[in-house]
Enquirer: 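Before I ask anything, let me first share the structure, which is written out below as C-alpha cells.
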Amino acid sequence: MPRRPSTGESGLFGFAVITRLGAAYLSQRLDLLDLGRTVAENLVAFAPGMPEAQRMNLLARFLFRGSRIHLPVGVLSGGERLRATLACVLYAEPAPQLLLLDEPTNNLDLVSVAQLEGALQSYEGAFVVVSHDERFLAEIGVDRWLRLSEGRLFETSAPGEGG
C-alpha cells in the first residue's frame with residue numbers, strides 16, 4: 001500500500017506530507033513512495049484520475065521510459081527516486097501549493113541536480129528549501145534568504161551580495 005498520507009495528515013521529518021492546505025514535505029530520505037511498488041504504480045496512487053497515456057508522457061518527461069517505469073522504487077538510485085517523488089508530488093490530485101524541501105541535493109549527481117533545478121524553476125507554487133548548496137539556491141531563483149544561527153532565524157542577503 002502506498003505511503004501517501006491522507007488529506008489533513010501531518011508529521012515531522014521523515015516523510016512527505018500532503019495536507020488540506022496543499023503543502024508537501026520532501027525529506028532527505030525521499031521515503032514518500034512505496035518502495036515495493038513500481039514508479040508507475042506510485043504515480044497512479046497519487047494521481048488516480050490521470051489517464052494512462054498522460055501518466056506515461058509525464059513519466060517520460062521525468063526520464064522514466066519503457067521498462068524503467070516498471071522498476072520498483074526500492075531499486076532506484078537517489079536521483080531516480082527524487083525524480084519519481086517529484087513526479088508524484090507535483091502532479092498529485094490535488095497538487096500542493098507549497099513544497100518544503102530538506103537538503104534536496106544531498107547525494108545527487110550533477111545531472112540529477114540539474115533536473116531538480118528544472119522542475120523547481122517550472123513549479124508554479126511556492127517552496128521553502130533548506131540547503132547548504134548556495135549555487136543550487138541561486139539557480140532555482142531563491143529571492144529571500146534566512147539563516148539559522150544560535151537557535152534564531154535571521155533574514156540576510158544572498159551570498160556574494162554583501163550587506
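Throughout, residue positions are numbered sequentially from 1 according to the sequence presented. For clarity, every value in this text was computed on a predicted model and none was experimentally measured.
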Enquirer: To the nearest 0.5 Å, what is the distance between CG on Asn106 and NE2 on His132?
Expert: 9.0 Å
Enquirer: Going by heavy atoms in the side chains, are Val129 and Leu99 under 4.5 Å from each other?
Expert: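 Val129 does not reach Leu99 side chain to side chain.
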Enquirer: Which atom pair, heavy atoms only, marks the closest approach of Pro104 to Val130?
Expert: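 In terms of heavy atoms, the two residues are closest at CD-O, 3.6 Å.
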Enquirer: Just by distance, do the side chain of Gln97 and the backbone of Ala23 share a donor-acceptor pair under 3.5 Å?
Expert: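 Not confirmed, Gln97 side chain does not pair with Ala23 backbone.
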Enquirer: Glu103: which residues meet the salt bridge (Lys or Arg N to Asp or Glu O under 4.0 Å) condition with it, sequence neighbours left out?
Expert: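 Salt bridge (Lys or Arg N to Asp or Glu O under 4.0 Å) list for Glu103, sorted by chain: empty.
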Enquirer: Decide yes or no on side chain to side chain contact (heavy atoms under 4.5 Å, CB included) for Ile140 and Tyr123, but give the supporting numbers first.
Expert: CA-CA 10 Å; Ile140 61 173; Tyr123 175 63; over 6 Å; no
Enquirer: Report whether Leu35 and Leu82 are members of the same hydrophobic cluster (ILVMFWY, side-chain heavy atoms less than 4.5 Å apart, transitive linking).
Expert: yes
Enquirer: Does a sphere of radius 6.0 Å around CD in Glu124 hold more than 12 heavy atoms from other residues, nucleotides or ligands, not counting ones at 6.0 Å or beyond?
Expert: no
Enquirer: Please answer: with hydrophobic residues joined when any side-chain heavy atoms are less than 4.5 Å apart, are Val39 and Val44 in the same cluster?
Expert: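 Shared cluster, no.
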Enquirer: Provide the closest heavy-atom pair for Phe64 versus Glu80 in the form atom of the first, atom of the second, distance.
Expert: CZ-O, 3.2 Å
Enquirer: With a sphere of 6.0 Å drawn around CD of Glu52, does it hold more than 12 non-hydrogen atoms of other residues, nucleotides or ligands?
Expert: no
Enquirer: Please report the interatomic distance CG(Leu146) to CG(Leu153), rounded to the nearest 0.5 Å.
Expert: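 The CG atom of Leu146 sits 4.5 Å away from the CG atom of Leu153.
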Enquirer: Side-chain contact, heavy-atom cut-off 4.5 Å: Val128 with Leu98?
Expert: yes
Enquirer: For Arg147, which residues count as a salt bridge (Lys or Arg N to Asp or Glu O under 4.0 Å) partner, sequence neighbours excluded?
Expert: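 Partners of Arg147 under the salt bridge (Lys or Arg N to Asp or Glu O under 4.0 Å) test: Glu134.
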Enquirer: Report the C-alpha distance between Asp109 and Gln115 in whole Å, list the side-chain angles of each, state the deciding distance to 0.1 Å, and finish with yes or no for side chain to side chain contact (heavy atoms under 4.5 Å, CB included).
Expert: CA-CA 10 Å; Asp109 59 31; Gln115 291 166 340; over 6 Å; no
Enquirer: Report yes if the side chains of Leu58 and Met50 come closer than 4.5 Å at any heavy-atom pair, otherwise no.
Expert: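 Result yes, sub-4.5 Å side-chain heavy-atom pair found.
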Enquirer: Tell me whether Glu139 contacts the main-chain N or O of Phe136 through its side chain, where contact means a donor paired with an acceptor under 3.5 Å.
Expert: no
Enquirer: Indicate yes or no: at least one non-hydrogen side-chain atom of Pro72 is less than 4.5 angstrom from one of Arg37.
Expert: no
Enquirer: For the pair Asp102 (side chain) and Leu26 (backbone), establish whether a donor and an acceptor sit closer than 3.5 Å, ignoring hydrogens and angles.
Expert: no
Enquirer: Can you give me the closest heavy-atom contact between Leu137 and Ser131, atom names plus distance?
Expert: CD1-O, 3.8 Å
Enquirer: Can you confirm whether Leu116 sits close enough to Leu108 that some side-chain heavy atom of one is under 4.5 Å from a side-chain heavy atom of the other?
Expert: yes
Enquirer: Do Leu33 and Phe46 have side chains that approach each other closer than 4.5 Å (heavy atoms only, starting at C-beta)?
Expert: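 They are in side-chain contact.
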Enquirer: Which heavy-atom pair separates Arg81 from Gly74 by the least distance, and what is that distance?
Expert: NH2-O, 3.5 Å
Enquirer: For Arg55, enumerate each residue passing the salt bridge (Lys or Arg N to Asp or Glu O under 4.0 Å) test, keeping only those at least two apart in sequence or located in another chain.
Expert: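 If we apply the salt bridge (Lys or Arg N to Asp or Glu O under 4.0 Å) test to Arg55, skipping adjacent residues, there are no hits.
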Enquirer: Same cluster or not: Leu76 versus Leu110, using hydrophobic residues (I, L, V, M, F, W, Y) connected whenever any side-chain heavy atoms lie under 4.5 Å apart?
Expert: no
Enquirer: Got Leu71 and Val73 here, is their nearest side-chain heavy-atom distance under 4.5 Å?
Expert: no
Enquirer: Is it the case that over 12 heavy atoms from other parts of the model lie below 6.0 angstrom from the CG atom of Leu148?
Expert: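 Enclosed.
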Enquirer: What distance separates Cys88 SG from Asn42 CG, expressed to the nearest 0.5 Å?
Expert: 5.0 Å
Enquirer: Search all heavy atoms of Arg83 against all heavy atoms of Phe62 and return the closest pair with its distance.
Expert: NE-O, 2.7 Å
Enquirer: Please find the pair of heavy atoms, one from Ile69 and one from Met56, that lie closest to each other, and give the distance.
Expert: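 For Ile69 and Met56, the tightest heavy-atom pair comes out as CD1-SD, 3.2 Å.
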Enquirer: Side-chain heavy atoms nearer than 4.5 Å, only ILVMFWY residues, links allowed to pass through others: does that put Val142 and Leu101 together?
Expert: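 In one cluster: yes.
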Enquirer: Rounded to the nearest 0.5 Å, what separates atom CG in Leu90 from atom OG in Ser122?
Expert: 7.5 Å
Enquirer: Would you kindly confirm whether Leu59 and Tyr91 end up in one hydrophobic cluster when ILVMFWY residues are joined by side chain heavy atoms under 4.5 Å apart?
Expert: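 In one cluster: yes.
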